[in-house]
> 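Here it is: the structure, laid out below.
Proteins come first, then strands; the chains are lettered A, B, ... in the order of their sequence lines, and each starts at number 1. Just so it is clear, the structure is predicted and the values come from calculations on it, not from any experiment.
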2 protein chains.
Amino acid sequence: MNVQAAQTWQGVQEEVLRRIHAREWKPGDLIPNEAELAKEFGCARTTVNRALRSLADGGLLERRRKAGTRVAAPPVAKATLNIAVIRHEVEDRGARYGYQLALREVRAAPTHISAALGVGVQERLLHVMALHLSNDAPYALEDRWINTLHVPGALGQDFRSVSANEWLLQNVPYTKGEIAFAAKPATAENAKHLNCPENSALLAVNRLTWDHDQSVTAVQVLFAPGHQMRTRI
Amino acid sequence: MNVQAAQTWQGVQEEVLRRIHAREWKPGDLIPNEAELAKEFGCARTTVNRALRSLADGGLLERRRKAGTRVAAPPVAKATLNIAVIRHEVEDRGARYGYQLALREVRAAPTHISAALGVGVQERLLHVMALHLSNDAPYALEDRWINTLHVPGALGQDFRSVSANEWLLQNVPYTKGEIAFAAKPATAENAKHLNCPENSALLAVNRLTWDHDQSVTAVQVLFAPGHQMRTRI
DNA sequence: CATGCTATTATGTATATACATAATACATGA
DNA sequence: TCATGTATTATGTATATACATAATAGCATG
């Protein structure tokens, strides 16, 4: 018996992880049930449950009532990216943040935008473009449409000193959203703002947020060439 | 009193979420402590704890002992991307998966690779390039270096029918890793394989995995132009 | 033989209780 | 005043117990 004291759920989790990493329990394998593990580790079933549930949340285990718990196969890695306010992202890297409003207009949106936001094609929406700077160098270009039918308050903001990004987060709740990552070639306009050659490969993050069944905003953030989003798995 | 029965942790979570979305509790606000909420909801503190802990895991609440629980400010969205086996990714979209080995060689790696893998610059490593197809169209180009000092078994594989991607997941454990997303222009070679114009904007996913303190593999996956990675937040 | 009922089983959750731990506030002493 | 110790407090965790729920297997019935 190689177990003496794993009286904490972290301890149980560690030991289970070890067995998975050591291939004692291989991907696809059914592992002992909670009661057995509790007996083996000398702790309550609740504690084992906590440990296994946490691993299942992380994608390493798959659990089904009655069927039992098995090691996830194939091990799907879950990469969690923090989508923060751009100002914080810049400041966290120890750089000086800057902000420039590039455009603010109220007009009918392109069809793919009005469709995504679920509003009529001739509905006049608020369109804001802004440049985020890191140590005075272009960092990201934000291209945003705001559903003013749902967020009329946005019309009273000039977004000259506070970005739409931050204003919305502070003032408008959202309950769900979609996010998509893609690579896009820089248009002539993108290139001008980001101070890079036309057709440069840019990392694009598209977000669409909803407050219950009302769309709030559709935004595309284009990062300067070379930008990376990193995380651990 | 607008609360009668939230006897489940999901119920408590929903009500707390509702209050956050309704701005009854604003970002930065300290919310009542577990004991008070338990009394209000007519359930055990454990149940409230479960609900709040889950919300904190999701990044919506920030909790500190003694200090209490507050609504996260600014609301950092966590986007969780599933990094699956490419074959499954293709098949899940209902497409026919195809695989072509493009290159397999053993040689000294470029310095940035050997440095990332933490091996000597003149160490000969296994280099594999392969094309993943979706309905016979190029889907992704995999460019991989394997640390054969730690994974000698890879030298016995020809990777002609099973991708290195899948073989490694099935056979070599890893305990931690890094992942980075970026946009890159297609090189002439990339363009040839992916059947796209040179300098096309490609979404690049770079992964580096470790088994305890031994590097396993460094891989770059370049997706065909227009590819998106999506998730909900 | 197919269909539906039932028992069984493993996970999922709720509770009271107890104690652990971290962080703050307050008091105390040099 | 400053440092240090101490009490307080909110979250964190472990436990036994009980019951809920989903999925399966096996049985019974038409």
> Any side-chain N or O of A/R50 below 4.0 angstrom from OP1/OP2 of D/dA14?
no

> Answer with base, sugar-phosphate or nothing: what part of the nucleic acid does A/E62 contact at a heavy-atom distance below 4.0 Å?
nothing

> Can you run down the salt bridge (Lys or Arg N to Asp or Glu O under 4.0 Å) pairs that involve residues 56-84 of chain B, sequence neighbours left out, and say none if there aren't any?
B/E34-B/R63

> Could you list the donor-acceptor pairs under 3.5 angstrom formed between side-chain atoms of residues 167-174 of chain A and any protein atom two or more places apart in sequence or on another chain?
| residue | atom | partner | partner atom | Å |
| --- | --- | --- | --- | --- |
| A/N171 | ND2 | A/W167 | O | 2.8 |

> A/Q10: which residues meet the side chain to side chain contact (heavy atoms under 4.5 Å, CB included) condition with it, sequence neighbours left out?
A/T8

> In whole angstrom, give the distance that lies between atom CG of B/N49 and atom C1' of D/dT11.
7 Å

> Among pairs that include at least one residue of residues 141-168 of chain B, which meet salt bridge (Lys or Arg N to Asp or Glu O under 4.0 Å), considering only residues two or more places apart or in two chains?
B/R87-B/E166, B/E142-B/R144, B/D158-B/R160

> Output yes when at least one side-chain N/O atom of B/Q10 is less than 4.0 Å from OP1 or OP2 of C/dT13, else no.
yes

> Between B/H132 and B/Y97, is there a side-chain donor-acceptor contact under 3.5 Å, judged purely by atom types and distance?
yes

> Under the side chain to side chain contact (heavy atoms under 4.5 Å, CB included) test, which residues partner A/Q100, sequence neighbours left out?
A/L131, A/L133

> Measure the distance from CZ on B/R53 to P on C/dT13 and round it to the nearest whole Å.
11 Å

> Given atom CG of A/N33 and atom P of C/dG12, what is their separation to the nearest angstrom?
12 Å

> Starting at CZ of B/R63 and ending at P of C/dT24, how long is that distance when rounded to a whole Å?
16 Å

> Can you give me every donor-acceptor pair (side chain of residues 223-231 of chain B, partner residue at least two apart or in another chain, under 3.5 Å) with its distance?
| residue | atom | partner | partner atom | Å |
| --- | --- | --- | --- | --- |
| B/Q228 | OE1 | B/R230 | NE | 3.4 |
| B/Q228 | OE1 | B/R230 | NH2 | 3.0 |
| B/T231 | OG1 | B/T80 | O | 2.9 |

> Near DNA chain D, under 4.0 Å by heavy atom, which residues of residues 64-71 of chain B?
B/R64, B/R65, B/K66, B/G68, B/T69

> Rounded to the Å, how far apart are A/E34 CD and C/dT13 P?
11 Å

> Tell me: CG of A/L30 to P of D/dT24, nearest whole Å?
12 Å

> Hey, are A/D211 and A/Q214 close enough side-chain-wise for a donor-acceptor pair under 3.5 Å?
no

> Strictly under 3.5 Å: I want the nitrogen or oxygen pairs between protein and nucleotides 15-19 of chain D, one per line.
| residue | atom | partner | partner atom | Å |
| --- | --- | --- | --- | --- |
| D/dT15 | OP2 | A/A44 | N | 3.0 |
| D/dT15 | OP2 | A/T47 | OG1 | 2.6 |

> Kindly write out the residues that satisfy salt bridge (charged side-chain N to carboxylate O under 4.0 Å, His left out) with B/D92, not counting sequence neighbours, or none if the list is empty.
none

